[in-house]
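Chain letters run A, B, ... following the sequence lines, proteins first and then strands; every chain starts at 1.
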2 protein chains.
Amino acid sequence: MTASPTPTAALAFAHHDHAHCVGEVLARAEAASLARGARLTPVRRRTLEILLESHRAMGAYDMLDRLAAEGFGKQPPVAYRALDFLVEQGFAHRINRLNAFTACIHPGEDHAAAFLICRACNAVAEAPAARVRAALDAAGAEIGFTVERATVEALGLCPTCRTAA
Amino acid sequence: MTASPTPTAALAFAHHDHAHCVGEVLARAEAASLARGARLTPVRRRTLEILLESHRAMGAYDMLDRLAAEGFGKQPPVAYRALDFLVEQGFAHRINRLNAFTACIHPGEDHAAAFLICRACNAVAEAPAARVRAALDAAGAEIGFTVERATVEALGLCPTCRTAA
DNA sequence: CAAGAGATGTAATATCGCAACATATGGACT
DNA sequence: AGTCCATATGTTGCGATATTACATCTCTTG
């Protein structure tokens, strides 16, 4: 199984300015790294860039192929380390259900995200999830559990595939 | 990495009647299978029983070891098929973050569940998540996405580990 | 410049999960 | 009963995913 969706699968269902995603988000990541003292090194930066350009969920090994083709290391840890860094910094998300990663659309912000995965076309959208997170915090609080990080992934039908069916 | 938590990791943080979990839940699963025309065969039944007895998240290969030791098949599909059946029927849940499975505490009911995973002791609790689910449905609806199944997994600190720290 | 921390690269291997196929089991129907 | 069919079980073998361990390099700091 290849973790990444079909090549035509768009990340978000709604239209948006793609150049904005790549340029602006990259700039923000750079600023945030600087501010935090984190090092956005060439591999890491390029990894984020590829994630942003591809604009869909990518498996670690897909990323590794891309990186290797550009002269970076050829072994799995190269991709995993770069991706882990991006996730730690909040520049990317890991989607467990797909064993894949996506760039974060709004790094540095609020940062409770939910992923909506279309089971028909594999497209993945990142939805704001402040309310979902609040409900989860409340559910945890009831039994004394402190929620630190949450993974929220929904499987269903995107607008396009829904009307098609 | 072994997917299963430490042996001492309890499934739920709150106390509860363990015999109840095993006996009653198993009986319910049996009734539900009968009603639905699903076949709770020996491997499947035993798999659920082991899940209930162990009372924590178990990896598929851990389950395979148990099953093989009891005379069932020794190959991975044996465990995966039984576990998949249980998940399909709503008798168990898959926890993606841990590559593991747990028995469902209240099969047949409402059935929107969230998992609270303690990052210190690896204990896993299943929390009712009707509200979380409602918020997620709403977030999806805003962009026309229909949520069918949701995976909600929170990482944090359980009451015990929290006070210990 | 020397020392230490962190980043990168590689090899080897562990772990997870599935497709494909053969065989057995249990009903439904003559 | 006997035949047929759907479903379940068991096996081989493989592919995909992920990590550990270790060597090397590169910054940064004193």
Given atom CZ of B:Arg46 and atom C1' of D:dT9, what is their separation to the nearest angstrom? 18 Å
Using whole Å, report how far CG of B:Leu98 lies from P of C:dG17. 11 Å
Rounded distance (Å) that lies between atom P of C:dC16 and atom CG of B:Asp84: 15 Å
Return yes if some donor-acceptor pair links the side-chain N/O of B:Gln89 with the main-chain N/O of B:Ala38 below 3.5 Å, else return no. no
Rounded distance (Å) that lies between atom C1' of D:dT17 and atom CG of A:Asp62: 12 Å
From D:dA18, D:dA8, D:dG13, nucleotide with atom closest to A:Arg94 side chain: D:dA18
Are the side chains of B:Arg45 and B:Glu30 in touch, meaning some heavy atoms are under 4.5 Å apart? yes
Single-linkage hydrophobic cluster B:Leu67~B:Val87, side-chain heavy atoms < 4.5 angstrom: yes
Just call it for B:Arg39: base, sugar-phosphate, or nothing, with non-hydrogen atoms closer than 4.0 Å on any strand. sugar-phosphate
Side-chain N or O of A:Asn99 less than 4.0 angstrom from OP1 or OP2 on D:dA18? yes
Short question: side chain of A:Glu153, backbone of A:Asn96 - any donor-acceptor pair under 3.5 Å? yes
Kindly say if B:Gln75 contacts the phosphate of D:dG10, meaning a side-chain N or O under 4.0 Å from OP1 or OP2. no
Send over the distance from B:Phe72 CZ to D:dG10 C1', rounded to a whole Å. 12 Å
Between A:Pro77 and A:Phe85, who's closer to the 5' end of DNA chain C by nearest nucleotide? A:Phe85
Can you measure A:Met63 atom CE to D:dT17 atom P for me and round it to whole angstrom units? 14 Å
Calculate the interatomic distance between B:Leu64 atom CG and C:dC18 atom P; express it in whole Å. 14 Å
Nearest whole Å is fine: how far is D:dG13 P from B:Lys74 NZ? 16 Å
Let's test your reading of the model: under 3.5 Å, does the base of C:dA14 pair with the side chain of B:Tyr61 as donor and acceptor? no
Can you check whether any acceptor in the base of C:dG9 is under 3.5 Å from a donor in the side chain of A:Arg81, or vice versa? yes
Please answer: with hydrophobic residues joined when any side-chain heavy atoms are less than 4.5 Å apart, are B:Val152 and A:Ile143 in the same cluster? yes
